[in-house]
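Residue numbers begin at 1 in each chain, while the letters A, B, ... track the order of the sequences. In this text, all values refer to a predicted model and were calculated from it rather than measured experimentally.
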There are 2 protein chains.
Amino acid sequence: MKAAKYVSKGVFEIGEGTKVAPGAGEVRLDVAYCGVCGTDVHIYHGVMDARVNPPQTVGHEASATVAEIGEGVTNVKVGDKVAVRPLHFGEPHPFDKGHAHVGKNLKFIGIDSAGAFQNSWTVPAYTLHKLPEGMSLKNGAFIEPLSVATHDVKIGRVQAGENCLVIGGGPIGTLIAYVLKEKGANVIISEVNENRLEMLSELGFTTINPIKESLTEKISELTEEKMIDCAFEVSGSQPGVDAMTEVLNVRGRIVMVAIHGGEKKKVDLFKFFWSEIELLGARLYEEDDYEEAIRIAASGFIPFEKLTTKVDTLDNIQSIFETIDNNPAGMKYLIDCQA
Amino acid sequence: MKAAKYVSKGVFEIGEGTKVAPGAGEVRLDVAYCGVCGTDVHIYHGVMDARVNPPQTVGHEASATVAEIGEGVTNVKVGDKVAVRPLHFGEPHPFDKGHAHVGKNLKFIGIDSAGAFQNSWTVPAYTLHKLPEGMSLKNGAFIEPLSVATHDVKIGRVQAGENCLVIGGGPIGTLIAYVLKEKGANVIISEVNENRLEMLSELGFTTINPIKESLTEKISELTEEKMIDCAFEVSGSQPGVDAMTEVLNVRGRIVMVAIHGGEKKKVDLFKFFWSEIELLGARLYEEDDYEEAIRIAASGFIPFEKLTTKVDTLDNIQSIFETIDNNPAGMKYLIDCQA
């Protein structure tokens, strides 16, 4: 069998992988498709070597077919089509208060251990969510990132009819926008890349380029001065952090989706006091977020094919990562792991 | 009758005031005691002249006796002892979503219009909360700042048994600590002023001086690694803002009590993502916060006399403000407005 391995900064290699027989409570999967996540790109850039321990197979946005089940596995059977929730829960710690998905001892499958960029992948059975009849395996590869979006919208407590702003219209921001729209919220996307703006407009979204016009003035106009009930900061930038407080109305919420590493950003804390706004951190997903993502995906509400920039095979993984680096306006790249 | 007026930076003057006959829906009060708020000190420093419109009578932490009632007033009668919730609600705006206490058109009585540092004060009847039998008028002057504290704790959704940290042990921080203690929470206060630390220890609180020892290490020890469920940032300082994220556990909450004006502070947004923590803005109070403050005050749980640094008369108002400037470790100063 074939496995792609991240070897060192900028280098993937294709080699012979190993089929791992499933132990008790485990399942061996035939991987179908696996999306490329921003985190995989970070790994490719060499900034996560300490955590990844190369050479290692990465990838975690996978759809698959159950190939073999280990002892005691009852939630799936051979032949089932599944999406994988790639979390390995460690020992609970009082610090976690029962929230294992962000717990102290959480390990992420595909970063901290072997991932899905290979033909065959063995994972704990509890990570599997069955795909409904009729859902394609290509669409199944969107369940993981879509679950990030359903988690973010859940954390934001968004109700139908509310005005929402997504700051940053990349793959996650766009999926958040679709989940919001499906909930009946009014969605505006702020994005600076003209190619993405054009694509988002074609998909039917109201967009603003904050470099070309005043974000707050345009939002005031669009919302008839009601402003934003819930903003999603997905840009990871200082201008995004400035915007997230400026656009909110009284008791408005901000969901912090982006990973703000490096130097601390400046935040308008006065506005928190003055208008009693909230900043809510959101990371990964919980079991119910996967079920919600599967429900929305199955409804056909999201045109996944339009969000798919390219599908290519494992053999071409090196070229896919090079393409992503040269095309920052792309949306989702899928790797076909079947051959 | 006597009225103290803020005239210009650093200057109060005592002069003849005017008894204002109550109009429909209004009540004329004989003011009893009025506490000095940090905001009054800002006014005294001349930084709020544009809003205050001097010469003006300020002061808003008042207890009083009803002297005269206007047409249609039914919630109080002459002779009732009351605390005043000094908010004048303007026209509702869609931006406010019904939260009038932080609404666009809110006016604050005692800042935007005449306050309580005078013998007689006329206010809307709806601002009045009756003090229960047996509560002294001196204690009644604590209801306004105590309502800030009950509001903050409500916004923080604190439950009995939770570990809470108050960053900044001044008058509001100390009242928050008492409300938390009354709710059955475990309370730690972080404070840098040695006089205040001594006083807080004598009052029975667990304290940490973060200049002398590591706040996070000490909290880890005190909480057996559980860390903080809800922190209250009352310091208004960059070290306070650094601490508020560092001490929290998974899904921990921060209540933003301090008014962070001026340059924007740097905030660890990564921690929001990583541990799904929340930052919750809190300002002023709502009607139920007054009722909760009155309940707690009536229970005798808070030794208000120990929190009272000095009581002095209206005639000495200039000297009280000078004393406050020279004694930053003081707690609450009350002005007796009866003579």
**Q** Please list, chain by chain and in numerical order, all residues satisfying ring-ring contact (aromatic ring centres under 6.0 Å, His included) with B:Phe272, sequence neighbours excluded.
**A** none
**Q** For A:Phe273 and B:Val257, what are the C-alpha separation, side-chain angles and deciding distance, and is it a side chain to side chain contact (heavy atoms under 4.5 Å, CB included)?
**A** CA-CA 6 Å; A:Phe273 159 79; B:Val257 180; over 6 Å; no
**Q** Count the heavy-atom pairs under 4.5 Å between each of B:Val267, B:Leu248, B:Val102 and chain A, then report the option with the highest count.
**A** B:Val267
**Q** Side chain from CB out, backbone as N, CA, C, O: work out which of these in B:Leu280 comes under 4.5 Å of a heavy atom of chain A, or both, or neither.
**A** both
**Q** Count the heavy-atom pairs under 4.5 Å between each of B:Gly252, B:Gly98, B:Gly236, B:Ala282 and chain A, then report the option with the highest count.
**A** B:Ala282
**Q** If the condition is side-chain contact (heavy atoms from CB on, under 4.5 Å), which residues does A:Ala185 pass it with, not counting sequence neighbours?
**A** A:Val158, A:Cys164, A:Leu180
**Q** Between chain B and chain A, identify all donor-acceptor pairs below 3.5 angstrom, including backbone and side-chain atoms.
**A**
| residue | atom | partner | partner atom | Å |
| --- | --- | --- | --- | --- |
| B:His93 | NE2 | A:Glu225 | OE1 | 3.3 |
| B:Phe95 | O | A:Val250 | N | 3.2 |
| B:Lys97 | NZ | A:Asp229 | OD1 | 3.0 |
| B:Lys97 | NZ | A:Asn249 | OD1 | 2.8 |
| B:Lys97 | NZ | A:Val250 | O | 3.1 |
| B:His101 | NE2 | A:Glu276 | OE1 | 3.1 |
| B:His101 | NE2 | A:Glu276 | OE2 | 3.2 |
| B:His151 | NE2 | A:Glu276 | OE2 | 2.6 |
| B:Glu225 | OE1 | A:His93 | NE2 | 3.3 |
| B:Asp229 | OD1 | A:Lys97 | NZ | 3.1 |
| B:Asp242 | OD1 | A:Lys264 | NZ | 3.2 |
| B:Asn249 | OD1 | A:Lys97 | NZ | 2.8 |
| B:Val250 | N | A:Phe95 | O | 3.2 |
| B:Val250 | O | A:Lys97 | NZ | 3.1 |
| B:Arg251 | NH2 | A:Glu286 | OE1 | 3.4 |
| B:Glu263 | OE2 | A:Lys266 | NZ | 3.1 |
| B:Lys264 | NZ | A:Asp242 | OD1 | 3.1 |
| B:Lys265 | O | A:Val267 | N | 2.9 |
| B:Lys266 | NZ | A:Glu263 | OE2 | 3.1 |
| B:Val267 | N | A:Lys265 | O | 2.9 |
| B:Trp274 | O | A:Arg283 | NH1 | 2.8 |
| B:Glu276 | OE1 | A:His101 | NE2 | 3.1 |
| B:Glu276 | OE2 | A:His101 | NE2 | 3.2 |
| B:Glu276 | OE2 | A:His151 | NE2 | 2.6 |
| B:Glu276 | OE2 | A:Arg283 | N | 2.7 |
| B:Ile277 | O | A:Gly281 | N | 2.9 |
| B:Leu279 | N | A:Leu279 | O | 2.8 |
| B:Leu279 | O | A:Leu279 | N | 2.8 |
| B:Gly281 | N | A:Ile277 | O | 2.9 |
| B:Arg283 | N | A:Glu276 | OE2 | 2.8 |
| B:Arg283 | NH1 | A:Trp274 | O | 2.8 |
| B:Glu286 | OE1 | A:Arg251 | NH2 | 3.4 |

**Q** Side chain from CB out, backbone as N, CA, C, O: work out which of these in A:Ile254 comes under 4.5 Å of a heavy atom of chain B, or both, or neither.
**A** neither
**Q** State, to 0.1 Å, how close A:Val241 and B:Leu269 come at their nearest heavy-atom pair, and which atoms those are.
**A** CG2-CD1, 3.6 Å
